[in-house]
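Data first, discussion second: the structure below is written as structure tokens.
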Amino acid sequence: MKTSIILAICYFVFAPLIGGLLEGFDRKISARMQRRVGPPVLQPFYDVIKLFNKENQAVYRSQTWLMYTYFVLMILTGVMFFAGFDLLLCFFIMSTSATFLYFAACVTGSPYSNIGAHRELLQMTAYEPAVLLACVGFYLVKGSFDVVTIANGSFSAIKYLPGFFIAFVFILTIKMRKSPFDTSASHHMHQELVKGLTTEFSGPNLALFQVSEWYENVFLMGVVGLFIINSNPVSIAVAVGVCLLTYFLEILIDNSNARMKWQKMLKVTWIVTLLCAGVNLAVLIFV
Amino acid sequence: MVPFLIIFPLVLAVLLYLIKAPKVLNVLTLIGGTVVIAGVIWLTISWAMDGFNAQLLYKDAHLADHFILAGELILMVFVTVMCFIHKRALLSLLSIIPTLAIAYFELFGPKTAEVEKINLDHLSILMCDIVGIIGSLIVIYAVGYMDGYHKHHKDVPDKRNYFFSVMFVFLGSMIGLVTSESLLWMVFFWEMTSVCSFLLIKYTGEEQAIINAFRALWMNLLGGAFMIFGIMYFGYSEGFVGMHQMISAGTVYTTIPVACLAFAALTKSAQLPFTPWLLGAMIAPTPSSALLHSATMVKAGVYLLIRLAPAMSGTYVGIMVSFIGGFTFLVTSFMAISQSDGKSVLALSTVSNLGLMVACAGVGSADTVWAAVFLMIFHAISKSLLFQDVGSTENSLHSRDIEKMHGLLYMLPKHASFMFIGIAGMFLAPFGMLISKWAALKSAADNTDLLLIIFICFGSATTALYWTKWMGKLIAHPHGEPKKVENVSKTSEMLSMTIHVVMMIAVCALFPIVSGGYVNPMVSEMFGYNGQVLSNVVLMILVSIILVVFAIPMLAYFNSKSMDITIKKAYMAGVNVGDNSAFVDAFGEDKEAYVSNYYFESFLGVEQNMRKLQLFTTLWLIVSFAIIIGGEFL
């Protein structure tokens with residue numbers, strides 16, 4: 001109980017710092033991969049602070065409270081995860097929060113942000129099966145949906161869930177808005193999307209979006225870690241290592257792929273989900 | 001009390017049919033609806049006072065038996081006449097042969113053991129409440145709706161007396177259906193609901209309406225024929241005609257009758273390959289879609305499957321049913337993505353959700369039944385609300401196209417808010433449907449049912465897609481100034497919808513109580529042990545999260561009111577024309593910006609997929625029946 005509360009508070013306080021740092025390294029490493037010097041590691045923090053100090057501009061007032069709801073529900077997701085609540089419940093709250101992001105984008109009626117928002121919906125459709133299947137996988141091998149129980153077993157879940165792990169890492173690319181799946185909010189300006197979903201967010205709203213992403217990334221890394229962690233303390237170190245490796249892998253994928261069309265994204269993701277998670281599930285059930 | 005609840009609506013129906021004065025008609029309908037609500041509440045309370053015990057009543061109601069038989073014959077004559085009037089003579093055989101067969105069975109068949117006629121237990125009382133309360137609210141709603149409907153559809157002859165009358169006939173039959181212990185009674189009420197559905201679908205009298213009505217009729221009559229065959233087979237082989245004996249007989253001879261009854265349930269719940277009748281039924285005025293084709297009648301199939309669940313558990317019949325259910329859940333949710341007509345989305349989503357309930361009932365363990373019951377409760381409330389809302393919106397907006405609902409929140413704020421809540425209730429945390437779906441997923445995992453797990457995981461994703469994009473349309477700001485739309489909804493409509501919203505939130509908030517106090521005892525009554533899927537602790541946590549999830553947007557909203565926000569134009573590559581509604585195109589002319597949703601009609605559409613899916617599921621049913629019958633005799 002005590003550790004749950006401490007962990008939840010730690011997430012609440014440190015997740016944006018960790019998330020920001022991860023993004024800082026992400027930008028640095030990406031720059032080096034492209035033979036650029038890149039911004040300082042702390043650049044994401046400077047950006048966000050600057051954005052918070054800007055004038056709050058919006059197309060419609062309602063954008064702001066929808067963004068706040070997205071932000072708070074995102075934090076709630078992670079807090080509940082690190083407090084050891086039910087894993088499915090965490091993902092359900094995460095979907096609800098993502099829905100608010102969708103609302104914030106499409107309430108504007110602006111063409112670019114609407115196209116981005118619709119693609120965001122398709123992304124959600126693409127990744128949700130893998131997420132739900134991962135939860136079922138945990139449940140089948142650990143006998144519970146509770147994060148506490150899953151994390152405290154005598155063995156690592158990945159031992160029985162390698163397929164689920166691959167599927168989950170695959171959809172992480174979508175969740176982290178990396179190429180080739182950055183269809184809803186492109187990295188770069190001046191493309192057909194003009195930042196899609198986030199087109200109409202500026203100043204504090206954009207900063208909120210950014211910080212929510214950091215919270216989300218740390219939460220997702222937590223789920224990656226959950227595949228590794230068990231009652232043995234050494235596993236924590238291993239889990240952190242695997243998370244960092246996964247993050248690096250995402251950066252590598254990001255820098256070596258061009259954006260896919262969303263149709264292909266949906267197909268590829270579902271096929272991978274079925275082949276890896278589905279087959280793994282069949283093995284769990286029948287063998 | 002039960003006989004009153006069956007007979008009162010039927011008598012009232014006759015009275016309503018004879019009245020032509022609209023005012024008297026409306027008042028009588030409102031009174032009738034209220035009496036039925038009061039009646040089921042009285043029934044529930046008096047049954048609860050007796051200690052929530054399962055009761056079997058009216059063992060020697062021989063006179064009533066004769067009435068039922070006479071009713072069946074009258075129904076047969078009526079259907080035959082209808083078929084001849086509309087030049088579909090061959091179809092009448094689907095009514096004549098089974099009815100004569102069952103009449104022969106009753107009069108000259110084997111001497112079957114005396115059974116009670118009425119069964120009052122947790123399940124039938126729950127169904128009575130759903131039918132009585134939600135059904136009557138829809139009837140009350142219909143009073144206001146039909147007024148607006150006939151103002152909007154001037155070309156449709158005003159036959160309101162007929163419409164209300166059939167709705168009451170339906171209410172009476174439905175209560176009879178869910179309380180019948182005698183299978184011979186049940187099959188009569190079953191056929192009654194099929195005919196009511198037929199009569200309501202052909203209400204407008206247009207060519208297409210009649211085609212759809214007959215499609216619904218033959219599919220449901222086919223189900224009825226299977227049911228009659230199953231009952232007769234059971235009667236001849238075992239000498240019983242009671243539901244309890246069917247479930248608990250425990251001999252090999254129940255497999256075929258249970259399979260036949262399950263088949264009938266699949267037709268009534270519009271599972272593949274029988275889905276087209278429900279899609280066609282959407283042509284009827286909205287109250288009938290809400291009442292028959294979403295909230296209550298199609299639940300009769302699910303009701304029957306839940307009743308049969310203990311008998312299906314672990315048998316091949318269960319596998320047949322749960323596969324059809326899970327498969328329907330997934331593919332109809334795909335097709336719902338392709339629809340822009342509001343009622344079509346609701347229809348497909350109804351079939352889809354029914355599929356999930358059917359799948360749960362088919363697995364037939366205590367925990368899947370627990371999930372199915374909750375899915376049924378929440379679906380009935382949310383869907384009834386949504387249908388009513390789309391209907392009222394259509395009367396004011398003169399369209400039920402989702403694309404036309406762009407910015408509905410700024411044109412018809414109340415309707416849009418109710419619709420928003422209704423949709424949220426269908427899939428978002430922390431509302432009931434999502435919790436029930438969670439329970440379904442958990443119980444599927446507990447039963448290690450591979451296909452059902454995969455169906456639920458993928459189906460949830462597609463379900464979320466079509467609902468979310470609809471919600472987005474409601475709140476999106478209109479292109480330019482909001483259109484002025486006159487709100488023609490009457491008090492009775494708003495009253496019914498408001499009660500639905502209150503009920504929806506109340507049932508979510510009371511989830512632990514409903515679960516502990518009612519659904520758990522129901523499941524133990526059926527299986528002998530409790531099948532609670534989500535523990536009380538989890539449910540309590542959920543309820544508190546409901547408060548948080550409601551509170552956050554509220555707080556954020558009021559907080560943002562005092563914020564200093566500068567309003568700017570939307571980004572249109574710098575070529576806006578003064579406001580957010582248009583931009584300058586390549587020819588230097590103003591072009592209206594129009595944002596539409598994705599529908600993917602070219603590959604998810606109903607037309608291009610339905611045939612193939614029907615073919616596949618028909619083959620599955622044929623193969624399954626072959627295996628079931630073969631397993632019996634080989």
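Order of the sequence lines sets the chain letters (A, B, ...), proteins ahead of strands, with each chain counted from 1. Just so it is clear, the structure is predicted and the values come from calculations on it, not from any experiment.
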Notebook entry, point to check: With a 4.5 angstrom heavy-atom cut-off, which part of A:L88 approaches chain B: side chain, backbone, both or neither?
Noted result: side chain
Check: Hey, what's the ring geometry for A:W270 with B:F458, parallel, tilted or perpendicular (30° and 60° as the breaks)?
Finding: perpendicular
Checklist line | Structural part of A:Y70 lying under 4.5 Å from a heavy atom of chain B | finding: neither
Check: Mind checking whether A:F103 and A:F100 have parallel, tilted or perpendicular rings, split at 30° and 60°?
Finding: perpendicular
Notebook entry, point to check: Is chain B contacted by the side chain of A:Q57, its backbone, both, or neither, given a heavy-atom distance below 4.5 Å?
Noted result: both
Margin query: Less than 6.0 angstrom separating the ring centers of A:F82 and A:F12, yes or no?
Written below: no
Checklist line | Part of B:T463 lying under 4.5 Å from any heavy atom of chain A | finding: neither
Check: Between A:K54 and A:G203, is there a donor-acceptor pair closer than 3.5 Å when you use the side chain of the first and the backbone of the second?
Finding: no
Margin query: I'd like to know if the side chain of A:T99 and the backbone of A:S95 have a donor-acceptor N/O pair within less than 3.5 Å.
Written below: yes
Notebook entry, point to check: Looking only at heavy atoms, what is the nearest atom pair of B:M426 and B:K437, with distance?
Noted result: O-NZ, 4.1 Å
Next item on the list: For this output row, return yes or no: ring centroids of A:Y11 and A:F219 closer than 6.0 angstrom.
Entry: no
Next item on the list: Would you mind checking which part of A:L281 comes under 4.5 Å of any heavy atom in chain B, side chain (CB onward), backbone (N, CA, C, O), both or neither?
Entry: both
Checklist line | B:I475, part contacting chain A, at a heavy-atom distance under 4.5 Å | finding: both
Check: Is the B:Y466 to B:W470 ring centre distance short of 6.0 Å?
Finding: no
Check: By a 4.5 Å heavy-atom criterion (distance strictly below it), what part of A:S202 contacts chain B: side chain, backbone, both, or neither?
Finding: neither
Notebook entry, point to check: Top residue by heavy-atom pair count (under 4.5 Å) with chain B, among A:F85, A:W65, A:F71, A:Y68?
Noted result: A:W65
Margin query: Given heavy-atom pairs under 4.5 angstrom as the criterion, report whether the side chain, backbone, both or neither of B:F583 touches chain A.
Written below: neither
Check: Quick one: of A:D86, A:V131, A:D146, who has the most non-hydrogen atom pairs under 4.5 Å with chain B?
Finding: A:D86
Checklist line | Engaged part of B:K442 at the chain A interface, taking heavy atoms whose separation is under 4.5 Å | finding: both
Item checked: Which atoms of A:F92 approach chain B - backbone, side chain, both or neither, heavy atom under 4.5 Å -> both
Notebook entry, point to check: Where on A:M80 is there a heavy atom nearer than 4.5 Å to chain B: the side chain, the backbone, both, or neither?
Noted result: side chain
Check: Looking only at atom types and distance, does a side-chain atom of A:S113 sit under 3.5 Å from a main-chain N or O of A:A105, one as donor and one as acceptor?
Finding: yes
Item checked: is_close_aromatic(A:W262, B:F600), centroid dist under 6.0 Å -> yes
Note to self: Would you say the rings of A:F145 and A:F91 are close, in the sense that their centroids are separated by under 6.0 Å?
What the structure shows: no
Next item on the list: Sort A:L76 into side chain, backbone, both or neither according to what part of it lies under 4.5 angstrom from a heavy atom of chain B.
Entry: side chain
Item checked: A:F286, part contacting chain B, at a heavy-atom distance under 4.5 Å -> side chain
Next item on the list: Pick one of side chain, backbone, both or neither for B:K569, based on which atoms fall under 4.5 Å of a heavy atom in chain A.
Entry: backbone
Checklist line | chain A contacts, top residue of B:Y594, B:F334, B:F558 (heavy-atom pairs, under 4.5 Å) | finding: B:F334
Item checked: Closest-packed option against chain B by number of heavy-atom pairs under 4.5 Å, given A:L66, A:T108, A:L122 -> A:L122
Margin query: Is it the case that the ring center of B:F329 lies less than 6.0 angstrom away from the ring center of B:F455?
Written below: no
Next item on the list: Identify which of B:T462, B:D564, B:L434, B:D449 forms the greatest number of heavy-atom pairs closer than 4.5 Å to chain A.
Entry: B:L434
